[in-house]
Amino acid sequence: MALIVQKYGGSSVADAERIRNVASRIARGRGAGNDMVVVVSAMGDTTDELIRLAHQLVDQPDEREMDVLLSTGEIVSSTLVAMSLKAMGYNAVSLTGLQAGIQTDTRYSKARITAIEPQRIRNELKKGNAVIVAGFQGVNTEMDTTTLGRGGSDTTAVALAISLGASVCEIYTDVEGVFSADPRFVPEAVRLETIGYEEMLELATYGAGVMAPRAVELGQVYEMPIKVASSMSDNGGTLICKEGSMELRNRVSGIAHDTNVAKIMVIGVPDRPGVARDLFEPLARANISVDTIVQNAGVDNITDITFTVARTDVVKALSIVEPVSKAVGAVRVSGDESLSKVSIVGTGMQNAPGYAARMFRALAEENINIQLITTSEIRITCIIEESRVRDAVRALHKAFEVEFQQSG
Ligand code: ADP
Ligand code: ASP
Ligand code: MG
């Protein structure tokens with residue numbers, strides 16, 4: 001008898017029929033004699049709808065209330081899955097994050113798990129219950145509900161798998177695994193049989209929404225293998241694990257895209273020490289992550305600084321940057337919200353020249369203008385017009401097609 005930790009995403013519990021499907025999959029595991037701990041997301045687009053609702057009432061909803069509000073989505077689905085299992089004749093219990101012993105720090109909306117106290121879960125398992133845990137939430141030292149950031153049910157699942165000592169964390173979603181690109185954009189994308197943590201983390205951070213980046217990071221730190229598969233079929237699946245064979249390294253693993261990108265340009269900045277600090281310190285204090293930063297070589301003691309932020313942060317970022325720019329004597333500030341990132345990721349790129357050139361050629365052949373470029377050892381990212389993102393992903397997939405076939 002094994003302990004199985006599973007997670008079902010929003011689309012897998014979107015309506016009564018799908019909830020019944022999830023319950024019968026859990027029943028199958030239970031029927032085979034396994035202990036089942038199952039994390040669920042909110043039904044369908046519930047989280048987005050709750051956010052919209054709050055914003056209809058107030059511009060900047062209270063952080064504490066917002067986290068309690070959003071946590072309810074996962075509570076709803078956990079109760080419905082438990083009810084459905086009971087109706088099938090299996091013992092089951094739903095637990096909130098608090099009841100499941102998930103403790104976090106105090107950062108509302110992006111709390112981090114600090115500890116898991118799994119005693120209640122173990123007790124319920126001993127009683128013969130399948131345990132259905134509401135994902136995406138925990139409780140801080142004040143006993144207030146916190147949420148773990150968008151996609152945070154993945155993080156709950158991986159953290160529980162680690163804390164309970166499962167041998168793998170199973171993530172069920174609406175695709176049959178991790179593909180060489182988002183299958184919604186590229187129908188010919190191929191499923192990857194395995195992918196290393198490092199590559200998956202880079203893909204997830206740069207927009208491959210199939211896994212939350214922090215869940216991958218946790219998996220990597222604790223070496224918890226993560227299996228991504230479909231809740232609708234028993235085919236396929238991708239294992240995210242420690243990178244194995246050296247042979248497989250010399251390649252591009254996947255292409256990610258992210259449309260939540262905005263660019264801020266500060267033009268005509270005096271080229272003297274302290275200006276970058278004056279601009280970026282207040283952004284950091286406001287908890288705004290700045291991604292790509294480009295500063296031109298100064299001419300006549302004047303330079304331009306361009307950087308990107310998430311589009312969802314751009315209004316706040318501009319309200320901070322505009323007064324600072326005036327104070328340091330910059331000529332003007334401008335923002336562009338209609339951008340996207342496209343990235344190629346692969347550990348094999350680090351020792352193989354020519355990947356950047358191939359990427360730029362593929363984009364040039366489609367007449368796609370590259371506005372900014374950033375790289376890590378295993379990734380090359382181009383920032384382009386949002387209207388061309390689909391064309392860009394398709395062109396890049398075609399350009400690197402041969403490599404995916406080797407890895408699939
Ligand atoms: P869930 O509700 O199960 O958490 P998500 O919508 O968060 O599901 O993630 C699944 C979606 O991720 C897929 O429907 C797919 O469109 C998208 N996706 C983006 N990049 C990839 C990729 N490289 N491989 C697979 N799916 C991807
Ligand atoms: N419901 C949350 C979200 O939509 C968490 C999750 O689905 O993982 O981000
Ligand atoms: Mg998800």
Side-chain angles (χ1 to χ4, degrees), residues 9 11 150-151 173-196 198-213 216 228 230 236 238 240 251-263 291-292 308-312 336-349 352 354-408:
S11 47
R150 298 307 304 267
T173 181
D174 60 355
V175 281
E176 282 186 2
V178 179
F179 283 69
S180 50
D182 187 340
R184 281 186 217 191
F185 268 29
V186 185
E188 11 359 299
V190 295
R191 179 175 55 82
L192 309 176
E193 206 63 52
T194 64
I195 182 168
E198 205 187 352
E199 289 178 329
M200 190 64 230
L201 181 57
E202 205 86 353
L203 283 173
T205 306
Y206 281 81
V210 63
M211 276 298 297
V216 181
V228 181
S230 167
T238 297
I240 306 170
R251 60 180 163 82
V252 174
S253 284
I255 293 161
H257 72 274
D258 182 359
T259 52
N260 183 15
V261 183
K263 176 176 84 172
D291 189 43
T292 312
T308 61
V309 295
R311 200 176 296 166
T312 36
D336 183 348
E337 294 187 36
S338 58
L339 299 178
S340 286
K341 284 180 202 155
V342 283
S343 306
I344 60 171
V345 171
T347 44
M349 291 195 305
Y355 280 92
R358 276 168 72 188
M359 181 176 192
F360 303 154
R361 188 184 326 118
L363 295 176
E365 279 167 6
E366 283 294 310
N367 210 13
I368 294 170
N369 190 39
I370 303 170
Q371 300 203 10
L372 297 168
I373 300 164
T374 69
T375 63
S376 79
E377 284 189 345
I378 63 163
R379 171 185 53 80
I380 306 169
T381 300
C382 293
I383 292 165
I384 60 167
E385 247 326 295
E386 186 186 5
S387 61
R388 301 302 312 276
V389 68
R390 187 182 284 260
D391 297 336
V393 173
R394 288 191 175 157
L396 292 173
H397 198 272
K398 200 152 187 41
F400 293 101
E401 207 164 39
V402 187
E403 319 227 352
F404 303 136
Q405 256 121 46
Q406 283 166 4
S407 60

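Because the structure is predicted, anything quoted here is derived from the model rather than measured.
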[X] and [Y]: which non-hydrogen atoms are nearest, and at how many Å?
X: A256; Y: L203; value: CB-O, 3.6 Å
X: D336; Y: L339; value: OD2-CD2, 3.8 Å
X: H397; Y: A189; value: NE2-CA, 3.6 Å
X: L363; Y: C382; value: CD1-SG, 3.9 Å
X: A395; Y: A362; value: CB-O, 4.1 Å
X: R191; Y: F179; value: N-CD2, 3.6 Å

Nearest 0.5 angstrom please: [X] [atom1] to [Y] [atom2], how far?
X: M211; Y: T238; atom1: CE; atom2: OG1; value: 11.0 Å
X: E202; Y: S343; atom1: CD; atom2: OG; value: 8.0 Å
X: L201; Y: I378; atom1: CG; atom2: CD1; value: 8.0 Å
X: D182; Y: I255; atom1: CG; atom2: CD1; value: 11.0 Å

query: Taking atom types as modelled, is there a side-chain donor on S340 or H257 under 3.5 Å from an acceptor on the other?
result: no

- prompt: Quick one: do the E199 and T347 side chains pair a donor with an acceptor below 3.5 Å?
  reply: yes

task: Dump the intermediate steps for side-chain contact (heavy atoms from CB on, under 4.5 Å) on I384 and Q371, then the final yes or no.
output: CA-CA 6 Å; I384 60 167; Q371 300 203 10; 5.8 Å; no

- request: For the pair T381 (side chain) and K341 (backbone), establish whether a donor and an acceptor sit closer than 3.5 Å, ignoring hydrogens and angles.
  value: no

- prompt: Are any side-chain N or O atoms of R388 and backbone N or O atoms of E366, one a donor and one an acceptor, separated by less than 3.5 Å?
  reply: yes

Taking the side chain as everything from C-beta on, heavy atoms only, tell me whether [X] gets closer than 4.5 Å to [Y].
X: T308; Y: I383; answer: yes
X: I344; Y: R358; answer: no
X: V190; Y: E401; answer: no
X: Y355; Y: V252; answer: yes

message: One pair to check against side-chain contact (heavy atoms from CB on, under 4.5 Å): F185 and V389. What are the steps and the verdict?
response: CA-CA 9 Å; F185 268 29; V389 68; 4.1 Å; yes

field: From CA spacing to verdict: side-chain contact (heavy atoms from CB on, under 4.5 Å), F400, S180
entry: CA-CA 10 Å; F400 293 101; S180 50; over 6 Å; no

message: Pair E385, I368 - check side-chain contact (heavy atoms from CB on, under 4.5 Å), show working.
response: CA-CA 8 Å; E385 247 326 295; I368 294 170; over 6 Å; no

- prompt: Should E386 and R311 count as an ion pair when the cut-off is N to O under 4.0 Å?
  reply: yes

